[in-house]
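Below: the structure, in structure tokens.
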4 protein chains.
Amino acid sequence: MARATHTTEASGTSRPGPRHHGNRHGRSEEARLAVLHAADGLLVEKGFAGVTMEGIATRAGVAKQTIYRWWSTKTDVLMDAFLQDVAEDLTARDSGDTARDLRVYLRELAWFLSASDPGAVFRALIAQAQHDPVFAQEFRSRYLDEQRRRDRRLLERAVERGELPPDLDLTAETDQLMGPVYYRVLVTDGPVGKEFTDRLVDAFLARHGLTAKS
Amino acid sequence: MARATHTTEASGTSRPGPRHHGNRHGRSEEARLAVLHAADGLLVEKGFAGVTMEGIATRAGVAKQTIYRWWSTKTDVLMDAFLQDVAEDLTARDSGDTARDLRVYLRELAWFLSASDPGAVFRALIAQAQHDPVFAQEFRSRYLDEQRRRDRRLLERAVERGELPPDLDLTAETDQLMGPVYYRVLVTDGPVGKEFTDRLVDAFLARHGLTAKS
Amino acid sequence: MARATHTTEASGTSRPGPRHHGNRHGRSEEARLAVLHAADGLLVEKGFAGVTMEGIATRAGVAKQTIYRWWSTKTDVLMDAFLQDVAEDLTARDSGDTARDLRVYLRELAWFLSASDPGAVFRALIAQAQHDPVFAQEFRSRYLDEQRRRDRRLLERAVERGELPPDLDLTAETDQLMGPVYYRVLVTDGPVGKEFTDRLVDAFLARHGLTAKS
Amino acid sequence: MARATHTTEASGTSRPGPRHHGNRHGRSEEARLAVLHAADGLLVEKGFAGVTMEGIATRAGVAKQTIYRWWSTKTDVLMDAFLQDVAEDLTARDSGDTARDLRVYLRELAWFLSASDPGAVFRALIAQAQHDPVFAQEFRSRYLDEQRRRDRRLLERAVERGELPPDLDLTAETDQLMGPVYYRVLVTDGPVGKEFTDRLVDAFLARHGLTAKS
DNA sequence: GCCTAATCGAGACGGTACGTCTAGTCTTATA
DNA sequence: TATAAGACTAGACGTACCGTCTCGATTAGGC
């Protein structure tokens, strides 16, 4: 899914692998990972303003030109770093119990957004998206669209089980369910603990005539 | 409330005002407004990255030192510009019809966030808040807290009318109602038209056993 | 004569003088001198390739922008440094004895070109002039033309004394007299000691029927 | 004599020659010539600053590594290009008439230095020699010494004919004769036409009691 | 009607990071 | 074994802004 995120070298075998420092078979995997880790580290340690191309290069032990060869901006690097770390992480379980799955998932989402390291990167990328529509579009097509598809799956499974009517606007329902969590994290800095997420889930269940089993 | 936001000069009279380029009676109202307009204009015309202290100074015909004397950062200038323009704009009407008021208000909110010029500044400030906790805190205390108090008023009036139970967590209810609009604007770029905002209001009304009058 | 070479501050008084670190009265004399000395020092210590804008800035304790504000290239800096040091140095004495004056002057010229620190800068500037016609023109109008006028004075005085015919092409005579010294320094690396310079002077004297008095 | 200047491939036959892009028969003559022509072309078209290893490689359709394998610097390439073109060009004729030969030769020299394409390369190399003593030494041993030997030949023939005394310092005499031409070309940008070169020759002839036949 | 103090426009200053360019080294596949 | 291709580290280039500073001019208010 993610551009420049996987490689044919890294798979399976435990051979040390070739030490490309530049050759005709494309980029150095070593340099790529050093850049992504450096960007990640700088963001966590010094905040967004502390992430600079110059700083990434120095910390990664890489030439600036190597960064510019593969990425266009520091937010582009951060996006790759983010995708590398979390692309597949936030996926809802399917226990057969819709209410339970929703509660667990919203709690995981809230933790991810408000407390995890990748969540900090996510917030930085969302911030950048406010300033730069082109970046926003790329972030959506490289991560958000996929993530929202995963979010939807929760409700789709409930439709499949016959718990929700088949003609429901699942996109709107999902946004209505998850939106308040994003709002509190990005805007109000309000608490997004179990109390709040469960309230959102309960409202959703009630809205559709479902009762929590627990 | 806001530092550096009002002055004793601006009051009442319609005289052209003195042309002091330096005096001992405090700051120049002329310079203050020129700076705020310049910052606003640059943001609208060139985007956030196009707003620089240097650029503001040039466009406002003001010395950089004058800006630094009264503001600390460019986002501080933008915040003042934002407050100057919109501080009081987004206030819900009170028609006595809760359902109607909610629908109107959410539509206004959606328009403000997604389509207005001040909304663009708001999004830039929210973005900055992601990068800078100190700024975030200041933005909340200078605008967001007040705005959320206005948002709450809508529900408080319904409580006063006996339409909602008095022990309701109004903060959580407000966030649940408004959050999805912010989410779509800031994150998904999804549509926030009448269809979506009315759906949010309807869900709220149904949740509390209220029926729309229309 | 030289642009940016003198200042109104430095004259006469022993007051410490104001410590401009940037003000509306124009440039900082302190910074100007630091840049010129740094450039000079780098050339002498590390050779022409060791002179970089970055290096000058660092050694001078000055911002790069300050250099670019007043000079356009590193050779422009070197030219100013050269002019600062030697503009008036190479002037022939007038003892009344043409032969003696010529001999002394050519020896001084040879020493200047081949052995002095400013001579090293001169050779670097002549080198740059080969690569860049615009620079060549500026170097001529800022130094060489003046220097050649001083060279000519030697012969003009002989004309005034009636030792040389008044219709002589003094430019050509001067070039014929001095040229071989430059040739050996710039091209062949041959010796330019007393033996060689005296030979040039003797040939000149003989050519015009003058006899050396010594 | 010159390193990297001849090859065993180029000899004799008029066959189109093998197209080895990688072989085990030593270096590619094709690549060598492409590099020299590219360097030459870049110097003439874009000036010295426009000659870069990268540019030469691109224009020659050659890998940078191939250049570095056979040459150490761009001036080394230019020197080879220069030698390839002009090594033997500037040789004085021997008509038996010393005065005539001198006049013709100095005119050719002046034209070569000031107006020819190889002359432009020569000036670039002399410039580089000012900056880099090692290069200067190599340039002398690879070209200048040989050229000065050819220059001397003119005077040696006059000695052989008995026109000049056998104990003359021919090196000094040659430098005295030619030096002013180099001086005007490299330093003053003065005219080096027939008038000037003839004046130099006449002075030389008069100095040694020779009379021009024409 | 001076003197004083605060603020103004102007702009030079020491810095940091930008994004680009070229240098010179290295690795690989091809011939 | 030499080649074309091209990725790599390194570091200078010239530019844009940052935030600080110093200055002369302007303008009340206090003397």
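Both backbone and side-chain heavy atoms feed into the values below; hydrogens, waters and symmetry mates do not.
In this structure, C:R59 places its CZ atom 20 Å from C1' of E:dG15, rounding to the nearest Å. Atom C1' of nucleotide E:dG15 and atom CE of B:M53 are separated by 17 Å, given to the nearest angstrom. B:R32 places its CZ atom 12 Å from the P atom of E:dC8, with the value rounded to the nearest Å. Straight-line distance from the CG atom of C:D76 to the C1' atom of F:dG14: 15 Å, rounded to whole Å. Residue C:I67 contributes atom CD1, which lies 17 Å from atom P of F:dA16 at whole-angstrom precision. In this entry the distance linking CG of B:L42 with C1' of F:dA16 reads 15 Å, nearest Å. When the P atom of F:dA12 is taken as reference, atom CZ of C:F48 falls 15 Å away, rounded to whole Å. Taking atom CD of C:E54 as the reference point, atom P of E:dA17 lies 13 Å away to the nearest angstrom.
A parallel orientation is assigned to the rings of A:H131 and B:F48, their planes being inclined by less than 30° (bins at 30° and 60°).
Scanning atom types as modelled, no donor and acceptor separated by under 3.5 angstrom connect the side chain of C:K64 and the base of E:dG15. Judged by atom type and distance alone, B:Q65 reaches the base of F:dC21 through a side-chain donor-acceptor pair under 3.5 Å.
Judged by closest nucleotide on DNA chain E, C:A31 is the one of C:A31 and A:S72 placed further toward the 5' end. Residues A:V62 and C:G55 each lie close to DNA chain F; by heavy-atom proximity, the contact nearer the 5' end of the strand is made by A:V62.
For the side chain to side chain contact (heavy atoms under 4.5 Å, CB included) criterion with C:L42, the lone passing option out of C:L78, C:V51, C:V77, C:T52 is C:V51.
A salt bridge links D:D80 with D:R142: the distance from a Lys NZ or Arg NE/NH1/NH2 to an Asp or Glu carboxylate oxygen falls below 4.0 Å. The residues B:K74 and B:E54 are annotated as not salt-bridged, no charged nitrogen and carboxylate oxygen being separated by less than 4.0 angstrom.
In this structure, of F:dC18, F:dA5, E:dC18, it is F:dA5 that holds the atom nearest to the side chain of D:A63. Among the nucleotides E:dT22, F:dA12, F:dT15, the one closest to the side chain of D:T52 is E:dT22.
A cation-pi geometry, defined here as NZ or CZ lying under 6.0 Å from the six-membered ring centre and within 45° of its normal, does not hold between C:R32 and C:W70.
Residue C:W70 places no side-chain N or O under 4.0 Å from the OP1 or OP2 atom of E:dG11. An OP1 or OP2 oxygen of F:dA2 is reached within less than 4.0 angstrom by no side-chain nitrogen or oxygen of D:R69. Using a 4.0 Å cut-off, no side-chain N or O of B:T66 falls inside it from OP1 or OP2 of E:dT7. Distances shorter than 4.0 Å separate none of the side-chain N or O atoms of C:W71 from OP1 or OP2 on F:dG14.
Among the atoms of the strands shown, only primed sugar atoms or phosphate atoms (P, OP1, OP2) are found under 4.0 Å from some heavy atom of A:G61.
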